[in-house]
Amino acid sequence: MPTRGGQEGRLLALGRMSAGDLAKAYIPRDIEETWAQAWLDRRVFEADPARDGPPFSIVIPPPNITGQLHLGHALNNTLQDVLVRWRRMAGDNVVWIPGTDHASIATQNVVERKLAAEGLDRHGLGREAFLERTFEWKEEVAPYIVSQLKRLGAGCDWSRERFTMDEGLSQAVREVFVRLWEDGLIYRGRRMINWCCRCGTALSDIEVEHRETQGSLWHLRYPLADGSGEVVVATTRPETMLGDTAVAVHPDDPRWRALIGQKIRLPVLGREIPIIADESVDQEFGSGAVKITPAHDPSDFEMGSRHGLEAPVVIDESGRMTLEAGPYAGLDRVECRAQLVAAFEADGTLLEVKPHTHAVGTCYRCHEIVEPMPSLQWFVRAKPLADPAIEAVREGRTRFHPEHWTKTYYAWLENIRDWCISRQLWWGHRIPAWYCEACGDEHIVVARETPSACPRCGAGLRQDEDVLDTWFSSALWPFSTLGWPEQTADLKRWYPTAVLVTGFDILFFWVARMMMMGLRFTGEVPFRDVYVHGLVRDEYGAKMSKSKGNVQDPLELLAIYGTDALRFTLMSQSAMGRDIRLSTQRIEGNRAFANKIWNASRFVLMKIGEPDPDAASAVACEDAAGRWIRSRLSVAAAEVSLALTEYRFNDASSAIYRFFWNEYCDWYLELAKLSLRSEDAARRAATRRTLVEVLETALRLLHPMMPFITEELAGKLPGASGAPLVESAWPDSGVLTSDPEAEAKVERLIAVVRAVRNIRAETGVAPSREVDLLISCADDAVWRDLTDFQDEIRALARLGVLERWTAAAPPAGAAPAVVAGIELHVPLVGIVDVAATLEKTAREIEKARAELLKVEAKLGREDFIARAPEEIVEKERERAAELVAKLDVLESALGRLGGVGA
RNA sequence: AGGCACGUAGCUCAGUGGGAGAGCGCUACCUUGACACGGUAGAGGUCGGCGGUUCAAUCCCGCCCGUGCCUACCA
């Protein structure tokens with residue numbers, strides 16, 4: 001095991017060997033690598049379908065092989081790892097399947113850039129060689145991604161690692177394609193698609209991002225063919241006018257009704273085009289007349305097909321004007337617009353230009369403006385797949401967390417359009433369709449096995465050049481990774497998967513499509529739960545992006561603060577439905593938490609040198625403090641378990657944080673220090689036992705969130721079995737018991753100590769100075785409980801005398817406090833200026849009076865008494881009585897203070 | 001245009017139909033044999049605004065303002 005040598009000679013000299021192992025501060029890098037490797041060596045993450053326990057499976061959202069991981073991946077995989085480690089400890093048969101995604105456009109872009117740097121391009125290289133280069137890239141990058149995940153602590157089953165283009169997954173893709181084709185759910189056709197001129201490929205609708213852009217609205221005069229007048233049309237894209245084949249108006253529009261059926265002479269080209277009537281024209285917009293360019297606008301395309309219009313293509317796939325553009329042929333679309341506008345300005349065709357904001361479609365990968373155009377592509381008929389996907393969520397077979405994402409999910413699926421799946425790229429799954437060289441393109445052969453000849457005429461076949469949308473294969477991920485289409489043991493055991501953890505940005509791209517494909521091909525949902533987390537933003541709430549330069553490298557943060565601190569921070573910020581603003585201050589805070597855990601453990605290890613007497617007497621000697629901390633632990637364990645069950649990661653982390661720091665460290669360790677000084681050996685032994693057991697259990701509760709430090713520390717505790725914590729059992733609430741009686745006692749102790757400390761601090765008693773405490777309480781049992789703790793109260797509040805005060809009046813010259821119905825008096829005459837005490841007491845009275853006023857006002861309202869539930873009314877009455885009693889004590893003490901001061 | 005989130009302490013964020021919370025920061029004090037990546041105590045909020053429901057609203061409802069995101073064929 002990794003250890004720290006160094007300046008611990010002092011401790012070693014005292015014979016505390018175990019504590020001597022620990023450095024004074026936690027240094028993460030000393031242990032992280034060692035444990036990451038140790039887990040792998042023990043193969044603890046390697047799953048076996050034959051193992052017992054309820055199945056719990058997760059498939060990783062496969063990172064793209066485009067480069068390194070970012071903080072979004074760190075968040076995503078931390079949450080999965082927390083779930084996986086937790087469920088494994090809880091006894092489930094767990095598998096977490098890792099892998100990477102080939103990401104066709106993105107990866108092809110990366111490799112093409114690399115080629116360009118070498119002065120090469122893919123066309124010069126040829127398809128074969130290009131693919132070879134890209135596979136080389138993949139072989140280089142995928143292991144690097146895996147290594148980053150391992151550094152994060154991700155407990156994936158690396159023996160099951162997959163790649164979307166490996167043999168098995170490629171076979172699944174082909175199987176799905178062929179079946180969909182056979183079922184008539186895949187077709188090839190000429191449709192309006194989105195074309196990225198830079199990437200040189202078709203895109204699906206959701207790969208187009210709509211950006212609000214400040215543009216212009218050009219109003220153009222279109223003369224009537226007979227010269228009797230003109231029609232004004234407005235356009236955001238003047239260059240498309242070269243492809244206009246009609247002007248449309250609303251049939252009811254009084255301004256234009258008379259012109260329907262007449263002809264327009266199109267400027268520049270002189271073509272005569274009709275004025276047509278169509279219901280879809282918005283009379284309110286512009287002049288109410290709209291130019292129709294069927295080949296370059298989706299809605300115009302539809303209108304064109306309704307009216308049987310020609311659709312001349314004037315912009316080609318590279319963004320240049322075609323021969324159809326007449327004098328403008330060969331120009332780039334941007335240049336063409338500039339020249340056209342200039343010409344229209346000159347000849348008066350341009351009536352006016354108005355600023356106009358509209359949503360311009362851009363490519364989600366390269367952000368180039370997307371060109372709508374009709375094109376021969378492959379499509380998936382989406383509706384028959386979407387309907388069962390909607391149904392499954394409606395019936396609760398898959399649930400979203402937070403639940404509100406279901407609405408977004410429905411909204412998209414209910415209005416889904418056919419999915420363009422062909423991409424004019426080389427990197428990806430090639431479409432398993434062949435065309436007969438003799439029969440022509442109309443004869444399409446779609447097959448699982450590559451056919452050698454045309455089954456109809458025996459002539460040669462040519463495979464479709466295109467590849468499939470990456471998301472087509474991603475959609476199969478939950479079952480393809482488990483071995484589908486084979487009915488493997490993995491598939492039977494772990495499908496459907498338990499939960500998908502992902503970001504909302506790929507809800508449509510990925511989640512919805514996995515639902516569609518999963519249901520279609522397995523008959524079951526791909527996952528029971530979907531946990532949708534937020535985006536990791538910078539501390540000012542901005543999206544992290546390379547162009548903004550605010551990207552933080554998780555590996556760097558890991559190195560500075562430690563993996564556990566980063567993980568814990570990401571987790572504690574993961575409240576349902578919120579983005580995460582990551583600030584280094586916050587990570588620092590959790591590094592401090594790790595250090596706290598380290599030092600608490602260091603303390604415990606220092607104190608357990610003494611040999612233990614028999615366990616039985618130690619159990620019998622458990623004191624109230626020990627019972628209290630065990631009880632608090634049981635509460636914390638229950639909270640953590642429940643929170644994880646409900647994907648409330650932030651609540652799980654804060655429950656254990658609070659317990660460890662504010663209860664175990666702040667109070668139990670301090671109490672234990674005292675009982676360890678006891679004369680009673682059995683009591684000392686009981687305390688040591690509790691210190692260790694509670695610490696060990698807390699480390700187990702923490703392990704899914706902070707795997708490294710907990711593993712390291714647990715291994716140093718006595719009684720460690722030699723098996724790592726990752727293989728230990730989740731603290732079962734059945735074993736831990738709550739103890740309300742002990743809780744009440746210790747809470748009273750804490751309240752008394754705090755009250756005295758408050759008086760000391762506020763009246764300015766020097767920290768080293770002892771004060772006396774007089775306690776007035778009517779209840780003998782309460783007094784007995786307090787005297788049981790008298791040594792503790794004395795030590796923690798720095799007291800001299802601690803006595804019961806039985807006189808009717810409060811002692812003169814003492815600062816009063818009332819907590820939990822107990823009167824406390826700290827005589828301060830001769831210790832501090834009476835004025836300070838007077839002032840503090842007056843402030844307390846002020847506060848109590850204000851509160852009493854509120855409560856009395858409430859109790860004074862008849863409606864409240866009559867209509868509020870009885871227990872609420874009763875509670876308010878008790879509160880009022882308490883406040884009255886408290887005020888009584890404070891005021892009377894104040895009076896006696898005044899006397900002293902005079 | 002529609003939809004969905006969000007607006008709580010200086011900052012980042014939890015939270016609940018009945019007495020406002022955390023972390024960080026801030027103030028004062030403390031090198032107490034686990035920890036200064038620490039300890040003790042404290043200051044700080046009309047819970048975005050206006051209405052409504054209710055005995056009671058930071059929480060439920062409506063409207064408004066502000067912020068972010070998503071969807072959409074208004075040229």
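In what follows, chains carry the letters A, B, and so on, assigned in the order in which the sequence lines appear, proteins first and then strands, with residues in each chain numbered from 1.
- Remark: the A:R586 side chain and the B:U12 base include a donor-acceptor N/O pair separated by less than 3.5 Å.
- When each of B:A75, B:C4, B:A34 is scored by its nearest atom to the side-chain atoms of A:K407, the top-ranked nucleotide is B:C4.
- Residues A:W598 and A:Y26 bring their aromatic ring centres within 6.0 Å.
- Looking at heavy-atom distances under 4.0 Å, A:E670 makes contact with a base.
- With B:C35, B:A75, B:C13 as the choices, the nucleotide that has an atom nearest any side-chain atom of A:V290 turns out to be B:A75.
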### Message
Reading 5' to 3' and counting Watson-Crick or G-U wobble pairs with both distances under 3.5 Å, write the dot-bracket notation for RNA chain B, | for bases paired outside the strand.
### Response
(((((((..((((....[..)))).(((((.......))))).....(((((..]....))))))))))))....
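- Evaluation of the ring-ring contact (aromatic ring centres under 6.0 Å, His included) rule for A:Y664 yields A:F660 as partners, not counting sequence neighbours.
- To the nearest angstrom, P of B:A34 lies 10 Å from CG of A:N599.
- As rounded to whole Å, 14 Å separates atom P of B:A34 from atom CG of A:L671.
- Cation-pi check for A:K596 over A:Y657 is not met; the charged atom does not lie both under 6.0 angstrom from the ring centroid and within 45 degrees of its normal.
- Nucleic acid contact class of A:T236 (heavy atoms, under 4.0 Å, all strands): sugar-phosphate only.
- If you measure from atom CZ of A:R591 to atom P of B:G23, you get 18 Å, rounded to the nearest angstrom.
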Heteroatom pairs (N/O) under 3.5 angstrom, protein to nucleotides 53-59 of chain B:
{"unit_1": "B:C55", "atom_1": "OP1", "unit_2": "A:R867", "atom_2": "NE", "d": "2.7"}
{"unit_1": "B:C55", "atom_1": "OP1", "unit_2": "A:R867", "atom_2": "NH1", "d": "2.8"}
{"unit_1": "B:C55", "atom_1": "OP1", "unit_2": "A:R867", "atom_2": "NH2", "d": "2.8"}

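- The same atom, C1', is picked in B:U67 and in B:G49; the two are 15 Å apart, to the nearest Å.
- Contacts of A:T235 with the nucleic acid, taken as non-hydrogen atoms under 4.0 Å apart, involve only primed sugar atoms and P, OP1 or OP2.
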If you restrict it to nitrogen or oxygen atoms, what contacts under 3.5 Å exist between nucleotides 41-45 of chain B and the protein, and what is each distance?
{"unit_1": "B:A41", "atom_1": "O3'", "unit_2": "A:N758", "atom_2": "ND2", "d": "3.2"}
{"unit_1": "B:G42", "atom_1": "OP1", "unit_2": "A:N758", "atom_2": "ND2", "d": "2.5"}

Using atom names, set out every protein N or O paired with an N or O of nucleotides 69-72 of chain B below 3.5 Å, distance rounded to 0.1 Å.
{"unit_1": "B:A72", "atom_1": "OP1", "unit_2": "A:R417", "atom_2": "NH2", "d": "3.2"}

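- Contact annotation for A:A575: backbone-only contact, meaning every heavy-atom pair under 4.0 Å involves sugar-phosphate atoms and none involves a base.
- Donor-acceptor pairing under 3.5 Å, judged by distance alone, is present between the side chain of A:K673 and the base of B:A34.
- B:G45 sits 29 Å from B:C4 when the C1' atoms are compared, rounded to a whole Å.
- Within 4.0 Å (heavy atoms only), A:E284 reaches no atom of the nucleic acid at all.
- Note on residues 750-759 of chain A: pairs passing side chain to side chain donor-acceptor pair (under 3.5 Å), not counting sequence neighbours, are A:N758-A:E762, A:N758-A:K840.
- Comparing atom distances between the A:H356 side chain and each of B:G18, B:G39, B:A75 picks out B:A75 as nearest.
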